[in-house]
Amino acid sequence: MNIGIDIDNTITDTLPILKRYCKKYNDEEVKRNLVMHDEGFASYNLFDWTKEENMDFCIKYLEEVVLQANLKENAKEVIKKLKDEGHTINVISSRVAPMFKTPYETTEKYLKKHGIKYDNLLVGSINKKQICIENKIDVMMEDEPHYIEELSETIPVIVFDYEFNKICNGKNIIRVNNWNEIYDIIENLKNNNDTVCNNGFCKV
């Protein structure tokens with residue numbers, strides 16, 4: 001199978017680090033007594049910053065944030081196992097300049113440091129649906145709501161279950177809590193060409 005995998009909050013636990021840096025920026029540079037939104041998941045919606053403030057934060061801190069994020073438990077091991085079993089692993093990220101000074105190089109550095117095995121690294125476009133279509137992705141792993149909704153129109157999407165993406169529902173949306181569950185779902189897709197979804201079975 002041709003598998004697409006997002007990075008932040010899918011391969012990694014990025015949100016805790018992001019929240020810490022956003023609070024630091026808000027307290028030390030914004031200084032407007034803004035309160036962090038519990039449902040926020042990105043720099044643009046954790047605080048009520050202006051577009052200029054959000055861009056300034058991203059340019060100053062976002063690369064540092066993603067390089068410090070921890071891997072999710074068993075992510076490296078399951079990805080390696082899937083690749084060893086013949087699946088094609090496409091790491092797909094919407095990281096773009098100028099929010100990242102070097103989107104591809106920063107991502108490549110992190111994956112290499114943490115031993116993540118992959119076949120293709122696709123970085124630099126916010127249109128993940130188009131990337132998946134162009135690269136004939138069979139199934140995608142994603143966490144952000146707007147990407148989940150778009151991608152699930154055409155392919156199954158395996159979603160790490162967060163409070164911020166619970167609004168996403170549909171036959172092609174498959175919720176998981178860990179990487180071992182992801183392996184089982186991929187096995188089911190490979191062997192049966194269908195998978196258990198929220199409301200029964202959905203055909204690939």
Side-chain angles (χ1 to χ4, degrees), residues 1-19 36-46 66 69-83 85 87-95 111 114 116-118 122 126-133 135-204:
M1 293 188 69
N2 204 15
I3 300 171
I5 310 177
D6 174 49
I7 303 173
D8 296 304
N9 302 312
T10 302
I11 293 176
T12 66
D13 277 319
T14 308
L15 189 55
I17 304 293
L18 178 65
K19 284 184 174 181
M36 183 183 290
H37 299 304
D38 291 337
E39 71 278 10
F41 56 85
S43 62
Y44 63 81
N45 61 16
L46 279 167
V66 300
N70 294 320
L71 290 180
K72 282 187 176 290
E73 185 177 6
N74 294 322
K76 178 173 72 173
E77 292 80 6
V78 170
I79 292 171
K80 181 180 184 300
K81 189 174 182 180
L82 290 170
K83 181 169 165 47
E85 291 177 356
H87 298 285
T88 301
I89 305 298
N90 303 273
V91 177
I92 300 173
S93 175
S94 59
R95 297 173 181 178
L111 296 173
H114 292 275
I116 301 297
K117 304 298 183 183
Y118 60 90
L122 306 170
I126 60 172
N127 193 338
K128 287 189 179 181
K129 182 177 180 180
Q130 187 61 34
I131 288 176
C132 287
I133 291 170
N135 290 276
K136 297 180 170 58
I137 302 299
D138 297 311
V139 59
M140 180 69 184
M141 300 171 202
E142 181 59 61
D143 70 295
E144 289 204 23
H146 64 287
Y147 287 130
I148 294 168
E149 296 286 358
E150 289 178 357
L151 292 163
S152 65
E153 293 174 358
T154 55
I155 57 173
V157 183
I158 299 174
V159 176
F160 267 94
D161 193 27
Y162 286 101
E163 195 63 36
F164 62 76
N165 62 32
K166 286 189 182 298
I167 59 172
C168 300
N169 293 293
K171 67 176 185 177
N172 275 340
I173 296 171
I174 311 157
R175 293 190 172 274
V176 297
N177 295 300
N178 58 65
W179 269 91
N180 290 331
E181 291 179 9
I182 288 177
Y183 180 81
D184 292 340
I185 289 165
I186 296 296
E187 280 293 288
N188 202 1
L189 277 166
K190 179 185 73 173
N191 294 329
N192 304 311
N193 203 34
D194 54 7
T195 186
V196 177
C197 293
N198 292 349
N199 300 309
F201 281 87
C202 62
K203 196 72 176 175
V204 180

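Index from 1, following the sequence.
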**Student:** Using side-chain heavy atoms (C-beta onward) and a distance below 4.5 Å, is Lys128 in contact with Ile92?
**Tutor:**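 Contact flag for Lys128/Ile92 side chains = yes.
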
**Student:** Hey, is Glu153 close enough to Lys129 for a salt bridge, meaning N to O under 4.0 Å?
**Tutor:**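 Here Glu153 pairs with Lys129 in a salt bridge, since their nearest N and O are under 4.0 Å apart.
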
**Student:** Report yes if some heavy atom in the side chain of Val66 is under 4.5 Å from a heavy atom in the side chain of Thr12; otherwise report no.
**Tutor:**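 Contact flag for Val66/Thr12 side chains = no.
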
**Student:** With a 6.0 Å cut-off (strictly less than), is the heavy-atom count around NZ of Lys80, excluding the residue itself, greater than 12?
**Tutor:**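 Not buried by this count: 12 neighbours or fewer within 6.0 Å.
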
**Student:** To check you understand the geometry: which heavy-atom pair defines the closest contact between Tyr118 and Leu111, and what is its length?
**Tutor:**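 Here Tyr118 and Leu111 meet closest at CE2-CD1, 3.7 Å.
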
**Student:** Using the ring of each side chain (for Trp, its six-membered ring), is Phe160 parallel, tilted or perpendicular to Tyr162, with breaks at 30° and 60°?
**Tutor:**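 The rings of Phe160 and Tyr162 sit tilted, inter-plane angle from 30° to 60°.
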
**Student:** For Lys72, run the salt bridge (Lys or Arg N to Asp or Glu O under 4.0 Å) check against Asp8, Asp143, Asp13 and tell me which one passes.
**Tutor:**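 Going through the options one by one, the only one that passes is Asp13.
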
**Student:** Taking all non-hydrogen atoms of both residues, which atom of Lys190 and which atom of Glu85 are closest, and how far apart?
**Tutor:**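 Scanning both residues completely, I find the closest heavy atoms to be NZ-OE1, 4.3 Å.
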
**Student:** Using modelled atom types and a 3.5 Å cut-off, is there a donor and acceptor pairing between side-chain atoms of Asn135 and backbone atoms of Ile137?
**Tutor:**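 Not at all, since once roles are kept as given, no pair shorter than 3.5 Å links the two residues.
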
**Student:** Any luck finding a side-chain donor-acceptor pair between Asn2 and Asn90 under 3.5 Å?
**Tutor:**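 There is such a pair (donor and acceptor under 3.5 Å, judged by atom type) between the side chains of Asn2 and Asn90.
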
**Student:** Rounded to the nearest 0.5 Å, what separation is found between the CD1 atom of Ile158 and the CG atom of Leu151?
**Tutor:**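 One gets 12.0 Å once the value is rounded to the nearest 0.5 Å.
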
**Student:** Using a cut-off of 6.0 Å, state whether more than 12 heavy atoms not belonging to Ile126 lie near its atom CD1.
**Tutor:**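 No, the 6.0 Å shell around CD1 holds no more than 12 heavy atoms from other groups.
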
**Student:** Are any non-hydrogen side-chain atoms of Met141 and Ile186 less than 4.5 angstrom apart?
**Tutor:**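 The answer is yes, as the side chains (C-beta and beyond) meet within the 4.5 Å cut-off.
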
**Student:** In chain order, what residues pass the side-chain hydrogen bond (donor to acceptor under 3.5 Å, both in side chains) check against Glu73, with sequence neighbours excluded?
**Tutor:**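 For Glu73, no residue satisfies side-chain hydrogen bond (donor to acceptor under 3.5 Å, both in side chains) once neighbours in sequence are set aside.
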
**Student:** Does the side chain of Asn172 reach to within under 4.5 Å of the side chain of Val157, using non-hydrogen atoms?
**Tutor:**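 When only atoms from C-beta onward are counted, Val157 and Asn172 do not touch, as no gap falls below 4.5 Å.
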
**Student:** Run the salt bridge (Lys or Arg N to Asp or Glu O under 4.0 Å) test against Lys83 and tell me which residues pass, sequence neighbours left out.
**Tutor:**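 In terms of salt bridge (Lys or Arg N to Asp or Glu O under 4.0 Å), with neighbours along the sequence ignored, Lys83 is linked to Asp119.
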
**Student:** To the nearest 0.5 angstrom, please state how far the CD1 atom of Ile148 sits from the CD1 atom of Ile174.
**Tutor:**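 Going from the CD1 atom of Ile148 to the CD1 atom of Ile174 covers 11.5 Å.
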
**Student:** Would you give the length of the straight line joining atom CD of Glu144 to atom CG of Asp6, rounded to the nearest 0.5 angstrom?
**Tutor:**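 It comes to 7.0 Å.
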
**Student:** Applying salt bridge (Lys or Arg N to Asp or Glu O under 4.0 Å), name anything that partners Asp161, two or more places apart in sequence or on another chain.
**Tutor:**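 With neighbours one apart ignored, the set is Lys166, Arg175.
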
**Student:** Within this structure, what is the CD-CG distance for the pair Glu39 and Leu46, rounded to the nearest 0.5 Å?
**Tutor:**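 CG of Leu46 is found 9.0 Å from CD of Glu39.
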
**Student:** Which atom pair, heavy atoms only, marks the closest approach of Met140 to Cys132?
**Tutor:**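 Smallest heavy-atom distance, with atoms named: SD-SG, 4.0 Å.
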
**Student:** Working to the nearest 0.5 Å, report the span between NZ of Lys19 and CG of Asp38.
**Tutor:**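 Spacing of NZ (Lys19) from CG (Asp38) equals 6.5 Å.
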
**Student:** Applying side-chain contact (heavy atoms from CB on, under 4.5 Å) to Ile7 and Arg95, what does each step give before you reach the verdict?
**Tutor:** CA-CA 10 Å; Ile7 303 173; Arg95 297 173 181 178; 3.5 Å; yes

**Student:** Do you know the tightest heavy-atom contact between Val176 and Glu181?
**Tutor:**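 Closest approach of Val176 to Glu181, heavy atoms only: CA-OE1, 3.2 Å.
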
**Student:** Measure from the side-chain N and O atoms of Trp179 to the backbone N and O of Thr10, and report whether any donor-acceptor pair falls under 3.5 Å.
**Tutor:**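 Checked: pair present.
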
**Student:** Taking all non-hydrogen atoms of both residues, which atom of Asn45 and which atom of Phe41 are closest, and how far apart?
**Tutor:**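 In terms of heavy atoms, the two residues are closest at OD1-N, 2.9 Å.
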
**Student:** Is any side-chain heavy atom of Tyr183 less than 4.5 Å from a side-chain heavy atom of Leu82?
**Tutor:**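 Of all side-chain heavy-atom pairs linking Leu82 with Tyr183, at least one is under 4.5 Å.
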
**Student:** Could you measure the distance from the CG atom of Leu18 to the CG atom of Leu15? Nearest 0.5 Å is fine.
**Tutor:**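 It comes to 6.0 Å.
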
**Student:** To check you understand the geometry: which heavy-atom pair defines the closest contact between Phe164 and Pro145, and what is its length?
**Tutor:**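 For Phe164 versus Pro145, the nearest heavy atoms are O-CG, 3.3 Å.
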
**Student:** Hey, does Asp138 have a side-chain heavy atom less than 4.5 Å from the side chain of Leu189?
**Tutor:**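 Sidechains of Asp138 and Leu189: no contact.
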
**Student:** State, yes or no, whether a side-chain contact exists between Ile116 and Lys76 at a heavy-atom distance under 4.5 Å.
**Tutor:**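 Of all side-chain heavy-atom pairs linking Lys76 with Ile116, at least one is under 4.5 Å.
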
